[in-house]
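In what follows, chains carry the letters A, B, and so on, assigned in the order in which the sequence lines appear, proteins first and then strands, with residues in each chain numbered from 1.
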Amino acid sequence: MKVAGSGLKKIAGLAGPFVGLILVITIFSLMPEVSDRFLNLANIKSVATQSVIVALCALGMTLIIVSGGIDLSAASNLALSCVLVAYAINLGVPPLLAALVGVAAGGTIGFLNGFLITRLRLVPFIVTLGMMGIARGLAKWVARNQKIDAPLSWLNELMVRTSKPSWLLVSPGIWLMILFSLVMAVLLRKTVFGRHAFAVGSNELTARLCGVRTDRVKVVVYTISGLLCGLAGVMEFSRLTVGDPTVAMGLELDIIAAVVIGGGSLSGGEGSILGTLVGVFIMAFLRNGCTMMGWPNYFQEIIIGAIIIAAVTLDRLRHRQE
Amino acid sequence: MKVAGSGLKKIAGLAGPFVGLILVITIFSLMPEVSDRFLNLANIKSVATQSVIVALCALGMTLIIVSGGIDLSAASNLALSCVLVAYAINLGVPPLLAALVGVAAGGTIGFLNGFLITRLRLVPFIVTLGMMGIARGLAKWVARNQKIDAPLSWLNELMVRTSKPSWLLVSPGIWLMILFSLVMAVLLRKTVFGRHAFAVGSNELTARLCGVRTDRVKVVVYTISGLLCGLAGVMEFSRLTVGDPTVAMGLELDIIAAVVIGGGSLSGGEGSILGTLVGVFIMAFLRNGCTMMGWPNYFQEIIIGAIIIAAVTLDRLRHRQE
Amino acid sequence: RRGDKQSSGPRTYKVAVIPKGTTHEFWKAVHAGAVKAGQELGVEIFWKGPQKEDDRAQQITVVEDFISRRVDGIVLAPLDDRALMRPVDEAMREGIPVVIMDSNLQGDNYISFVATDNYQGGVLAARRLAEVLGGKGKIFLIRYLEGSASTTFREQGFLETITRDYPGIEFLVKDQFAGTTTESAYQLTENLLSRYPQVEGIFAPNESSTFGALRALQHFGLAGKVKLVGFDSSVKLIQALENNEIQGLALQDPMKMGYLAVKVLLDHIQGRPVEKRIDTGVTMATPENMNRPEIRSLLEPDFARYVR
Amino acid sequence: MPEKPLLSLTGISKSFGPNQVLDAVDFELEAGEVQAILGENGAGKSTLIKILSGAYKPDRGRMFISGVEYRPSGPLEGRRQGIAVIYQELNLAPHLTVEENIMLGQEESRLGLVDRKKNLERIKKVLEFLCHPEISPDIPVRKLSVGARQVVEIARALASQARILVMDEPTSSLSQEDTRRLFEIIRKLRAEGVGIIYISHFLEEVLEIADRFTVLRDGKVVGRGLIKETSVEELIQLMIGRRISELFPRLPHQPGEVILSCSGIKSNRMSRPVDLDLRRGEILGVAGLVGAGRTEFLRALFGLDRLEQGLVVVSGRRFRPSFTAVSIGCGLGMQSEDRQVEGLAVRMNLADNLTLSRLKPYVRSGFLNGRKQKAAASRWIERINIKARSPEQKVWTLSGGNQQKVALARLLHQEAEVFLLDEPTRGIDVMSKAQIYELMGRLAADSKAVIFVSSYLPELLGVADRIAVFHRGQLVEVRPAASWTEASLMRAAVTGRESDPVLTGERP
Ligand SMILES: Nc1ncnc2c1ncn2[C@@H]1O[C@H](COP(=O)(O)OP(=O)(O)OP(=O)(O)O)[C@@H](O)[C@H]1O
Ligand SMILES: Nc1ncnc2c1ncn2[C@@H]1O[C@H](COP(=O)(O)OP(=O)(O)OP(=O)(O)O)[C@@H](O)[C@H]1O
Ligand SMILES: [Mg+2]
Ligand SMILES: [Mg+2]
């Protein structure tokens, strides 16, 4: 009885964030101009591939937001990693190693964020705002204010629209996204560390008094998120085939929006991986649909703005009914 | 005795936020390449004029942040106002009226923010993020994705470097900035409304318990801030002489940074107009100094990032000693 | 499959035209050209740029989305000569022909390349600035944006010509980037003017940076005294040209570019042979020659008929 | 070798800025004893506890556990040494579930993965031990009432199987039933050799459960001894240095005309509508178990919760409570049971908190006069003995009891006609309590009216004119205080049945 009840509630809880997504997909599917092409498998694959980069960053951002922080440097971090991968490949470093360099750079920036936040006791907003400038500046520096061309390698096959090898069904990037979503969901929900992250976000003082090493939790949280941004940078390089220091300008707000649309609370203690993914896909399908319809950009901007508000309103209404 | 003590403390409190500013100015003044030009009256005037726009927005942002909110739509709001002013002037509306249209548009966006936040009980981050897209989209729509050229009028004299009439000493824009700083400082510190704004930001539940109409306070806060953004848009038009829908892209983060550097706390209940102004000037002098030194942009980005962190660190250290 | 289309009688082709951004006057004129071609040739034009100006990743997304939409052809002004290669390859592989305009794309897996010779534009600007300065003086080169190909060529053309041909001209600044907005160019120039009051000439490589520099000069009361040579045109720039506040504007022919790109694409779709490289020319407008009709039409392309 | 005491503190000193809070405090705790720490509000008890737990660092002094020096770098260290603390201010993560809160920092895990089954087993045991098996481990703590939260806190401390258990006012929101159960558990733990430090302002509790006591005054130890050999009077004298004449001073007051009457008040959180009249010059006590809905009633009356039905008439003005501003305008004033979350803006200063609900007197031609505001706050600080350095002190730096006084002072300053007091004496020391009772009496004598919610029956019986009893979200009975006894109140609160009227009780 009790189990059944909680089971039902869980399903309702799961369906919740999907409402917005289903709405967006339905609306575009009903548009006569694109109806046949919108829900086409190839298009869905293509949207999924486009989402990989934002999704990877948003996974880390979920962890950060759950623990009561915020990371404005995510997009710059991604750009830095993207540039470093190209730089490394140009130096003759093997692609795998180059990718690791990118991921490691992301992790370093993340670690620095965490370190400064905990050591200097600064608010995350400011530290990561500063780091946003620093990482972006470093990226431009490394790239000498240009984009870096690098010879093609298998790295550039990770984000293709049509998967190679074909038995993968979808591109390796999508598999990576799925894999890391699962890992992060388990980390957040099933591990002691995840619980501590929630506790720190919900009430830091309490967590500290209960013997949680809040500083360590935060440093780890930012480092993990940084690593994921680094990975997203590798994916961006894979997609662009060049190291572009100006890539993903302003993307941090999209990433944060995805997490919040998915039910994350900026005051900490709330958020889920599934919700975040839904948030990412809402935004991606919106962009895709608007482009396919050929709507002008300003129209798209207005619609996306309105949908962000609407999606979160829906989510809140659902919560209130509970 | 007691009065003297509190007086001394006040002076220390005032000097505090200035430390960062003085540091920045001193450093550049000591650079042999620019020492003579940096502290030159003309340069200071020019920096002040550049700051007017950010400062006006930051005044409103201070009020919002004090009351526990945030406004990501500030920069888009400014752009919309800037475009509308040009549009109105092109329609043959007299300049003064056109300026009022811009200010009113800003107020409307602000009011909408406040309305949605209080009615839908949404977090300000999301509402204003959505509004950021909507206002920007509207601006581009009105301007048909272009700059709107408008005939010159006295409006374009507000932000000149050399004041006309000359007895003004500095441009009318700077006077406006000073005037509104005073008004906002008085509003924040010397009125019941200001006290209520602090209370709402510090603990909304308590404010409600004490009979503060929290929703009304918030709506007013966002509306005032919107009006100031609208005014900033008029100033931007004055400066550019065209209505540019892409102006001030990403400026919202600069504005927020200025408030936080000046001691505002994103969790609400803290912030001051004086601090915010210092924050604005720290950023403006940094940009000015870096450009004058001819440092490459990436270097400038890195330094500004680092200084943001350093300035806030200084501020926190000062607080800890207290 | 081209044959299929021809045999299915008269039909409206759907063509996506993808600029680098949507808010510069320049792209408006390209749009007008494309629409003009569309009206004349019976093609429906989808005009869609990346949502954020100059965002390579978003432009890739836009191309991909139009591949999903299965348009009949794409005209693309690539933000990056490398990054856009793969989506273009993909389009070509899926039978969607692509014409490149404005900036080059590496490789040659496209139908045709329709563009201004940007390097040549920089050279023209250098000659003009040298001319008005009398072959000597101190100048700023204000750059546009890190990694933007077309403007980089202009900057390069300018820089190399000055260094090679005019030893009397000295660069006070040549590595500062103005950024994408007028306001950022405005502030940069102001700050540079505060530092180097001795400057005598400025070159800015696109419309927004030219206008920003102009506003800064006006602000300092130096407009007309410091010689300014810019790129592209807009109402305010034309006024400045009239008032002799700007001494030269390197003009492309964006309407022609948009028109030709669509036309070439349609030629290809309908099986006619096309040239691989089409130059749309670059001209220097000066206060002296600006009233000649051929210059006037470049300064103020008549696009109101095609786009609002 | 002589037996080393379980815990010994020597020469512990601590100051916050110029304020010396602890001054060379010595303290010893044996295994298997319950020792009470007593003292006025602001005497330094909680500070001492926080030093012991590792939350604060002492300026001077040393600590030993079983003779081994203990120098905690943080609360984690304290926990590892087997010290469990129930802090005075509730300390829970609101978004986390009961299970997650209880196990926080002590999760059962394998390879970093939480072993939920084991966790639940441990929790179940503890909650059953506390006789609260109805608290579901999966419910987020923010949805619990204050009383239930305190149970969760206690459960957390018990689940950690500590050697030293510190309780800083564990019973301030507990029902008597729960208090009794807690005492049973304390006795059991004592028998198992756990050392227990017990802090409370309920002296009879202390007399019942403690073996020894230590009294702090102004941060110094002023007395210690065996509970067996002492009395309430002696303890009080040690705490304040003088005797108090009477705990429940009664000022004569006469109920007058009806000032507040509510008809059919029901919020979405109450189970049944409530009708009630209140007269001028009357103190109405409200009793009930934890979660009986007393708080909900006050909130509905004041307009804090969404009202489903009902009307309120205050001094002849009818309104439907929905805006606190209106309620305050009509002369209502409320003090919240949860001072940390709702009652006070702890990051604002004392003066602002105190005057927030009535800033008018300090406004002249639209401008606020901060100096006058602070002067007024200073007067109130003196009038009700708030231990604070200045009106500009931030509220969170005050001791728990003094914070409570600030919340009360606000209502007095507001010059309300009807006072809605929800557990106003939580965490307040004996002397101040007497003072607050006296204050209530004086309000009544001034023909104001007071609704006084409390879980502490003696004070209800001692102060109120009438007492209402709530049970499961509904009002079951209202009768003159004289016709209630502790036993009959308890019975009504637990069973929800009206007791046999000894005298004819009036029903509204
Ligand atoms: N963080 C702090 N900063 C400044 N002063 C503090 C701080 N914490 C406590 N104090 C001061 O220390 C004194 C002792 O506080 P403490 O909380 O130990 O009292 P207490 O004995 O627990 O009182 P109560 O019975 O009211 O809980 C008080 O005067 C309080 O204002
Ligand atoms: N153990 C519990 N588990 C779940 N919900 C509870 C529990 N205890 C209380 N509640 C909820 O809280 C509501 C009333 O709590 P509230 O604290 O307002 O009552 P109260 O009579 O004021 O008790 P208190 O003595 O705690 O102030 C109940 O109707 C119930 O929904
Ligand atoms: Mg205490
Ligand atoms: Mg209660």
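- For chain A, the option among B:Gln300, B:Met132, B:Met249, B:Lys140 with the highest count of heavy-atom pairs below 4.5 Å is B:Lys140.
- Ring pair B:Phe299/B:Trp295 is perpendicular by interplanar angle, where above 60° counts as perpendicular and below 30° as parallel.
- Without hydrogens or angle criteria, A:Thr118 side chain to A:Gly114 main chain gives a donor-acceptor distance under 3.5 Å.
- With a 4.5 Å cut-off on non-hydrogen atoms, B:Leu266 touches chain A through its side chain but not through its backbone.
- When heavy atoms are compared at a cutoff of 4.5 Å, B:Ile309 approaches chain A by way of both its backbone and its side chain.
- Contact count versus chain B (heavy atoms, under 4.5 Å) is highest, among A:Leu138, A:Leu72, A:Leu122, A:Ile308, for A:Leu122.
- With B:Thr291 contributing its side chain and B:Arg287 its backbone, the two residues share a donor-acceptor pair below 3.5 Å.
- Among the candidates A:Ile304, A:Leu116, A:Ile256, the residue making the largest number of heavy-atom pairs closer than 4.5 Å to chain B is A:Ile256.
- With a 4.5 angstrom heavy-atom cutoff, B:Ile303 does not touch chain A via any of its atoms.
- B:Arg208 has no carboxylate O lying under 4.0 Å from a charged side-chain N of B:Asp215, or vice versa, which leaves the two without a salt bridge.
- If you measure heavy-atom distances from B:Ile70 to chain A, the contacts under 4.5 Å come from the side chain alone.
- Put simply, the side chain of B:Ser81 gets close to the backbone of B:Gly230: a donor and an acceptor are under 3.5 Å apart.
- Classification of A:Lys147 and A:Asp149 as a salt-bridged pair holds, one side-chain N sitting under 4.0 Å from a carboxylate O.
- Ranked by non-hydrogen atom pairs under 4.5 Å with chain A, the options B:Val312, B:Ile134, B:Val260 are led by B:Ile134.
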